[in-house]
Visitor: 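Have a look at the structure that comes next, please.
We use all heavy atoms of the structure for the numbers below, so side chains are in, but hydrogens, waters and symmetry mates are not. For ligands, and for the atoms within them, numbers begin at 1 and follow the listed sequence.
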Amino acid sequence: MDLEQIKKSAINAINNASTAQDLESVNVKYLGRKGVLTGVLHSLKDLSIEDRRKIGSKANALKQKLEELINKKSNSFRELSNKISFGFDVTKPGLKIFSGHLHPLSKIDAEVRKIFLSMNFSVVDGPEIENEYYNFDALNIPANHPARDMWDTFWLKSKNNPFRQLADSGQKSKLLLRTHTSPVQIRYMEKHNPPFQIIVPGRVFRYEATDMSHEFNFYQVEGLMVGSDVSLANFKFVVEEFCRKLFGSKVQFRFRPGYFPFVEPGLEVDIKLEGGGWLEVMGAGMVQRNVFDAVRYNPDEVQGFAFGMGLDRLAMIKYKIPDIRLFYNGDLRFIRQF
Ligand code: DAH
């Protein structure tokens, strides 16, 4: 066989080897002690000097080339067998694992609870399906009163509604999705006597168009503290303490008069963080006498303050989120930043 033939058949054999053993026998056949190419190299000594030089360099180059090809192929067999024995390619980079974590609204909710618990408030909740009495009438917002327009309401068809029993106070009262957490003030006072201090975190609903600062469902925290001499000064302390714990010690405050039927006087609280502008964060006031009447408290014997704030808004301020809709659209690229 001349070198060209040896080259052809050896390369062919290497390409056709489908197992490590095949490859090993090709190796032995051409490069082994008694191999074809080894034979050629041995017989060089019988040639003339000129032939020896010519054929010798070709034969050596071929030997190197074959060794290279065999090595390469044998490496690829080794990788393959690694993959098979581990069940996967151990040399591939791993996939990034995302661990679950709390939604920014859950985080702010937990923080708000913690701060109020530290001030000796209790956490209370109430139904999301409410009736007209608790959501409006008992809060001094009678039917046909223009103040009802402050809350765009999702009314529920109550005929045969399975939830009717759950939410109905027993009187003929239309069902709705609560527009604020304030009805829980009434529910709580009906069952408890002062003094007490509670917060009510919960979900509320508004029948209105969405934009960057409005959603048709969002979260509020209601607060209510009632006793024999609870005053606006107490309110001011509690709310300032709360905001400093949530936003840091440099918060500034502005208390403005505001109107809500269930408080008198009513006010709105603005805060200002370092480098920012004034932001309205809550409505509040001293509980209106009619509200105490509705729960059979004597308005001459007790007094207290109430407040309500948007949890979403607190989260937007704290985490610098520009659009309330981000909380609800399920975009993981947003959620994973928290
Ligand atoms: N319920 C009011 C709202 O959703 C917020 C509010 C204002 C709650 C004043 C209060 C309060 O308890 O005293 O717009």
Visitor: State whether the shortest distance between N or O atoms of Ala306 and N or O atoms of ligand 1 falls below 3.5 angstrom.
Guide: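 The answer is yes, given that Ala306 and ligand 1 share an N or O pair closer than 3.5 Å.
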Visitor: Heavy-atom pairs closer than 4.0 Å: do any link ligand 1 to the side chain of Arg206, the backbone, both, or neither?
Guide: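 Side chain only.
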Visitor: What protein heavy atom sits nearest atom 14 (O) of ligand 1, and how far away is it?
Guide: Trp151 NE1, 3.5 Å
Visitor: Is there a side-chain contact between Asp293 and Pro299 in this structure, where contact means two heavy atoms from C-beta onward sitting under 4.5 Å apart?
Guide: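 A side-chain contact under 4.5 Å exists here.
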Visitor: Measuring from Ser213:OG to Arg313:CZ, what's the distance to the nearest 0.5 Å?
Guide: 7.5 Å
Visitor: Do Trp278 and Arg256 make a side-chain contact, defined as non-hydrogen atoms from C-beta onward lying under 4.5 Å apart?
Guide: no
Visitor: Does Met282 reach ligand 1, in the sense of a heavy atom lying below 4.0 Å from it?
Guide: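 Outside the 4.0 Å threshold, so no.
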Visitor: Give the residue, atom name and distance (to 0.1 Å) of the protein heavy atom nearest atom 11 (C) of ligand 1.
Guide: Phe262 CE1, 3.5 Å
Visitor: Relative to the heavy atoms of Gly283, which atoms of ligand 1 are at a distance of less than 4.0 Å?
Guide: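 It comes down to these atoms of ligand 1: 7 (C), 9 (C), 11 (C).
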Visitor: So is Met150 touching ligand 1 or not, going by heavy atoms under 4.0 Å?
Guide: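 The answer is no: ligand 1 sits nowhere under 4.0 Å from a heavy atom of Met150.
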Visitor: Could you list the atoms of ligand 1 found under 4.0 angstrom from a heavy atom of Gln220?
Guide: 3 (C), 4 (O)
Visitor: Within a distance under 4.0 Å of any heavy atom of Gln185, pick out the atoms of ligand 1 and give their elements.
Guide: 12 (O)
Visitor: Would a 4.5 Å heavy-atom cut-off, applied to side chains only, mark His180 and Gln185 as touching?
Guide: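 His180 vs Gln185: side chains apart.
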Visitor: Ignoring hydrogens and angles, tell me if any N or O in the side chain of Lys73 forms a donor-acceptor pair with the backbone of Ala17 under 3.5 Å.
Guide: yes
Visitor: List ligand 1 atoms under 4.0 Å from Ser182, heavy atoms only on the residue side.
Guide: 1 (N), 8 (C)
Visitor: What atoms of ligand 1 come closer than 4.0 angstrom to any heavy atom of Gly285?
Guide: 13 (O)
Visitor: With a sphere of 6.0 Å drawn around CD of Glu274, does it hold more than 12 non-hydrogen atoms of other residues, nucleotides or ligands?
Guide: no
Visitor: Do you know which of Asn217, Thr210, Asp312 makes side-chain hydrogen bond (donor to acceptor under 3.5 Å, both in side chains) with Tyr328?
Guide: Asp312
Visitor: Indicate, as side chain, backbone, both or neither, the part of Phe307 found under 4.0 angstrom from ligand 1 when only non-hydrogen atoms are considered.
Guide: backbone
Visitor: For atom 12 (O) of ligand 1, which protein heavy atom lies nearest, and how many Å away is it?
Guide: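 Closest protein heavy atom to atom 12 (O) of ligand 1: Glu222 OE2, 2.6 Å.
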Visitor: Kindly determine whether Phe307 and Phe116 satisfy ring pair (Phe, Tyr, Trp, His ring centres under 6.0 Å), including the steps that lead there.
Guide: CA-CA 13 Å; Phe307 61 86; Phe116 279 106; 5.7 Å; yes
Visitor: Please report the interatomic distance CG(Asp270) to CZ(Phe255), rounded to the nearest 0.5 Å.
Guide: 9.5 Å
Visitor: Below 3.5 angstrom, do we get any N/O pair linking His180 and ligand 1?
Guide: yes
